[in-house]
Amino acid sequence: MPNVRLVAVGQDNPKPFNKLAEKLGVGKHLHISTGRSDIPQLMQGADVYVHPAYRENTGLVLLEALASGLPVLATATCGYAYHIKEADAGRVADAPFSQAAFDALFYEMVATQQRDAWSQNGIAYAQQLMRANDGSAEANILTALARQKTGRHTQDGHNLND
């Protein structure tokens with residue numbers, strides 16, 4: 001696809017990714033950047049957000065993409081991928097990962113006229129989540145994870161190590 005540009009933002013060393021992209025003949029379509037402050041603007045200027053995580057606890061960035069009106073292609077191994085399905089705001093690639101299936105979903109997403117509907121659905125879903133969140137959702141998630149890690153808690157959820 002000659003008009004596709006991939007902008008990757010993260011803290012990883014870009015050299016091996018750039019080298020692989022050159023080897024595959026797509027180096028001119030890839031731009032890798034370290035963390036930056038204009039992520040919302042990047043999301044608003046994109047057509048599709050691709051998040052091929054092979055392991056990730058939550059994936060808060062998926063919700064950020066929805067709030068930006070950006071259709072999302074994620075892998076099922078990302079903890080928050082279910083939000084994409086619930087919102088009908090993109091596609092989720094099944095696990096175990098298949099590159100061919102992921103490629104087909106990506107092609108569908110860039111070629112379809114459904115992107116506008118996915119965009120609107122994502123925005124509406126994110127607004128609904130924000131209205132329902134009194135600010136404690138993140139704290140509850142972190143507390144539950146901490147309790148799971150220690151494996152020691154009472155029936156009412158209090159940690160026995162306190």
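Only heavy atoms go into these numbers, but all of them, side chains included; no hydrogens, no water, no symmetry mates.
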Query raised in the report: Do Ile39 and Val7 belong to the same hydrophobic cluster, where Ile, Leu, Val, Met, Phe, Trp and Tyr are linked whenever their side-chain heavy atoms lie under 4.5 Å apart, directly or via other members?
Result: yes

Query raised in the report: Do side-chain atoms of Ser68 reach the backbone of Pro40 as a donor and acceptor pair under 3.5 angstrom?
Result: no

Query raised in the report: Given side chains that start at C-beta, do those of Val110 and Asp47 come closer than 4.5 Å, heavy atoms only?
Result: no

Query raised in the report: Are Val26 and Phe106 grouped together when hydrophobic residues (ILVMFWY) are joined by side-chain heavy atoms under 4.5 angstrom apart?
Result: no

Report task. Supply the atom-to-atom distance Thr77 OG1 to Phe97 CZ, rounded to the nearest 0.5 angstrom. Result -> 9.0 Å

Query raised in the report: With hydrophobic residues grouped by side-chain heavy-atom distances under 4.5 Å, do Leu6 and Val9 end up in a single group?
Result: no

Report summary line: Residues Arg5 and His29: closest non-hydrogen pair is NH1-ND1, 2.8 Å

Query - Given Arg115, Gln114, Arg91, the one that forms side-chain contact (heavy atoms from CB on, under 4.5 Å) with Pro71 - result: Arg115

Report task. Over all heavy atoms of both residues, which pair between Ala76 and Ala95 is shortest? Give the atoms and the distance, please. Result -> CB-N, 4.0 Å

Query raised in the report: Checking side-chain contact (heavy atoms from CB on, under 4.5 Å) for the pair Leu73/Tyr49: CA distance, chi angles, key distance, verdict?
Result: CA-CA 6 Å; Leu73 171 57; Tyr49 178 75; over 6 Å; no

Query raised in the report: Are a donor atom and an acceptor atom from the side chains of Asn18 and Glu22 found within less than 3.5 Å of each other?
Result: no

**Report entry** side-chain contact (heavy atoms from CB on, under 4.5 Å) partner of Val72, chosen from Leu62, Val61, Val50
**Finding:** Leu62

Query raised in the report: Parallel, tilted or perpendicular: which describes the rings of Tyr82 and Tyr80, with under 30° parallel and over 60° perpendicular?
Result: perpendicular

Report task. List the steps, then state whether side chain to side chain donor-acceptor pair (under 3.5 Å) holds for Gln120 with Asp116. Result -> CA-CA 6 Å; Gln120 295 302 317; Asp116 288 340; over 6 Å; no

Query raised in the report: Quick one: do Ile123 and Leu60 end up in the same hydrophobic cluster if we chain Ile, Leu, Val, Met, Phe, Trp and Tyr together by side-chain heavy atoms under 4.5 Å apart?
Result: no

**Report entry** Gap separating the CH2 atom of Trp118 from the CD1 atom of Ile84, nearest 0.5 angstrom
**Finding:** 11.0 Å

Query - Interatomic distance, Ile32 atom CD1 to Asn13 atom CG [nearest 0.5 angstrom] - result: 9.0 Å

Query raised in the report: How long is the span from the CG atom in Leu129 to the CD atom in Glu86, to the nearest 0.5 Å?
Result: 8.5 Å

Query raised in the report: When hydrophobic residues are tied together by side-chain contacts of less than 4.5 Å, even through go-betweens, does Leu30 share a cluster with Leu42?
Result: no

